[in-house]
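To start, the structure under review is shown below, and the notes come after it.
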Amino acid sequence: MKFFIDTANLEDIKEAQALGVLDGVTTNPSLMAKEGISGKANILKHYLDICTIVDGDVSAEVISTDFEGMVREGEELAALHKQIVVKLPMIADGIKACKYFSDKGIRTNVTLVFSAGQALLAAKAGATYVSPFLGRLDDISTDGMHLIAEIREIYDNYAFNTQILSASIRHTMHVVNCAKAGSDVMTGPLSSIKGLLKHPLTDIGLKQFVEDAKKMNL
């Protein structure tokens with residue numbers, strides 16, 4: 001399973017990259033705003049800055065919600081850098097734009113997916129990635145992992161090439177469960193990735209090793 005980090009914070013991206021396990025980055029307008037980035041020129045520059053840190057795909061989201069606007073913005077984003085994947089909303093015009101970009105060889109990530117039917121439409125339109133939002137489903141007492149399993153079954157049934165990019169990851173067990181369910185990619189905060197490092201028995205064992213090493217007078 002690929003590990004993406006869901007942020008626009010360059011320091012978090014650098015830290016994740018330094019671990020040696022980072023495969024890409026996802027962003028959205030909310031994450032950009034959180035970092036105080038505004039204005040078209042600054043946003044485009046920030047995408048380029050991210051592309052210089054990571055080697056993998058960087059999802060850059062369009063702001064328009066109409067077909068023409070999405071095409072205009074998406075083409076500009078795709079021309080920015082070869083690593084850019086155009087992120088589109090799961091709406092009718094978003095699916096139309098997905099098909100348009102797919103026919104032109106431009107990679108896409110269809111986001112805000114909350115049902116297997118939506119994921120099926122995205123795959124039919126040729127999406128490179130589809131982003132089901134686990135955490136937001138969990139927030140309304142719905143099993144987000146069940147959705148991942150449904151999408152996996154459908155995609156395997158028909159050999160769709162669209163990759164399942166599990167989004168809205170909130171914690172480490174989301175990551176583990178996504179891996180078990182066959183998600184192609186997860187994207188979440190740095191904490192969800194670093195959390196995989198932690199186990200109390202590891203801490204206890206390491207402490208004992210250090211104490212015993214001191215007795216060896218190395």
Side-chain angles (χ1 to χ4, degrees), residues 1-28 30-32 34-35 49-59 83 85 87 109 111-114 116 119 128-156 162-218:
M1 185 173 70
K2 297 177 185 177
F3 279 23
F4 287 8
I5 186 171
D6 191 38
T7 186
N9 184 284
L10 298 182
E11 294 307 311
D12 280 357
I13 296 170
K14 290 176 182 176
E15 186 174 350
Q17 177 70 11
L19 282 173
V21 298
L22 188 65
D23 299 294
V25 176
T26 55
T27 63
N28 58 48
S30 298
L31 292 172
M32 285 286 187
K34 184 178 179 180
E35 298 303 316
D49 290 341
I50 292 172
C51 289
T52 63
I53 298 171
V54 299
D55 298 323
D57 291 344
V58 176
S59 285
Q83 291 169 234
V85 176
K87 198 172 182 183
N109 176 0
T111 189
L112 291 171
V113 169
F114 294 98
T128 309
Y129 298 101
V130 61
S131 292
F133 276 37
L134 272 69
R136 295 194 191 185
L137 284 169
D138 287 353
D139 289 344
I140 60 168
S141 301
T142 301
D143 186 0
M145 290 309 310
H146 179 67
L147 174 59
I148 301 302
E150 283 188 318
I151 298 172
R152 180 76 280 157
E153 181 179 0
I154 291 169
Y155 283 11
D156 289 348
T162 301
Q163 297 182 53
I164 302 171
L165 195 165
S166 297
S168 189
I169 296 291
R170 300 287 173 80
H171 48 71
T172 299
M173 284 311 300
H174 268 161
V175 179
V176 173
N177 288 334
C178 283
K180 290 167 65 178
S183 180
D184 299 289
V185 192
M186 62 71 59
T187 188
L190 179 61
S191 59
S192 68
I193 298 174
K194 291 177 67 177
L196 295 168
L197 292 166
K198 299 178 181 180
H199 195 285
L201 293 181
T202 301
D203 297 337
I204 292 169
L206 182 60
K207 181 181 179 182
Q208 186 64 54
F209 291 160
V210 171
E211 290 175 353
D212 289 343
K214 290 178 180 177
K215 299 174 185 177
M216 298 171 64
N217 296 316
L218 295 176

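We're numbering straight along the sequence, starting at 1.
Counting only residues at least two apart or on different chains, the ring pair (Phe, Tyr, Trp, His ring centres under 6.0 Å) pairs with a member in residues 1-28 are Phe4-Tyr129. Applying the side chain to side chain donor-acceptor pair (under 3.5 Å) definition to pairs two or more places apart or across chains, those involving residues 15-25 are Glu15-Lys194. Applying the salt bridge (Lys or Arg N to Asp or Glu O under 4.0 Å) test to pairs two or more places apart or on separate chains, those with a residue in residues 136-145 are Asp139-Arg170. Residue pairs meeting the ring pair (Phe, Tyr, Trp, His ring centres under 6.0 Å) criterion with at least one partner in residues 177-201, sequence neighbours excluded, are absent.
In this structure, Ile148 CD1 and Leu165 CG are separated by 9.5 Å, a value rounded to the nearest 0.5 Å. Going from atom CG of Leu190 over to atom CD1 of Ile193 covers 6.0 Å, rounded to the nearest 0.5 Å. For the atom pair Thr172 OG1 and Leu196 CG, the distance stands at 5.0 Å (nearest 0.5 Å). Rounded to the nearest 0.5 angstrom, Met145 CE and Ser183 OG are separated by 7.5 Å.
Considering only residues two or more places apart in sequence or on other chains, His146 meets the ring-ring contact (aromatic ring centres under 6.0 Å, His included) condition with none of them. Take Lys180 and apply the side-chain contact (heavy atoms from CB on, under 4.5 Å) test, not counting sequence neighbours, and it matches Val176, Asn177. With sequence neighbours excluded, the residues forming a side-chain contact (heavy atoms from CB on, under 4.5 Å) with Thr128 are Arg107, Thr108, listed by chain and number. Residues satisfying the side-chain contact (heavy atoms from CB on, under 4.5 Å) test with Ala119, not counting sequence neighbours, are Val113, Val130, Ile151, Tyr155. For the salt bridge (Lys or Arg N to Asp or Glu O under 4.0 Å) test, no residue two or more places apart in sequence or in another chain qualifies with Glu211. In terms of the salt bridge (Lys or Arg N to Asp or Glu O under 4.0 Å) criterion, residue partners of Asp49 (sequence neighbours excluded) are, by chain and number, Lys45. Legend: residues meeting salt bridge (Lys or Arg N to Asp or Glu O under 4.0 Å) with Asp55, ordered by chain and number and at least two apart, are absent. By the salt bridge (Lys or Arg N to Asp or Glu O under 4.0 Å) test, Glu35 pairs with no residue at all, sequence neighbours left out.
A distance-only check finds no donor-acceptor pair linking the side chain of Ser131 to the backbone of Leu112 [under 3.5 Å]. A distance-only check finds no donor-acceptor pair linking the side chain of Lys87 to the backbone of Thr111 [under 3.5 Å]. Between the Thr26 side chain and the Ser59 main chain, no donor and acceptor come within less than 3.5 Å of each other.
Scanning all heavy atoms of the two residues, the minimum distance from Ile50 to Ile13 falls at CG1-CD1, 3.8 Å. When all heavy atoms are compared, the tightest approach of Ala116 to Leu147 is N-CD1, 3.4 Å. Here the closest heavy-atom approach between residue Cys51 and residue Val58 is recorded as SG-CG2, 3.9 Å.
Contact of the Pro132 side chain with the Ile164 side chain is registered, since non-hydrogen atoms from C-beta on lie closer than 4.5 Å. Taking 4.5 Å as the limit, every side-chain heavy atom of Lys207 sits out of range of all side-chain heavy atoms of Ile204. A heavy-atom distance below 4.5 Å is not found between the side chains of His174 and Ser192. A 4.5 Å side-chain heavy-atom check between Lys2 and Asp184 finds every atom pair outside the cut-off.
Shown are Val175, Asp6, Ile5; of these, the side-chain contact (heavy atoms from CB on, under 4.5 Å) with Ile169 is made only by Val175.
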Go through it in stages, so that I can follow the logic: the residues are His171 and Ser191, the test is side chain to side chain contact (heavy atoms under 4.5 Å, CB included), and I'd like the CA-CA distance, side-chain angles, deciding distance and then a yes or no.
CA-CA 7 Å; His171 48 71; Ser191 59; over 6 Å; no
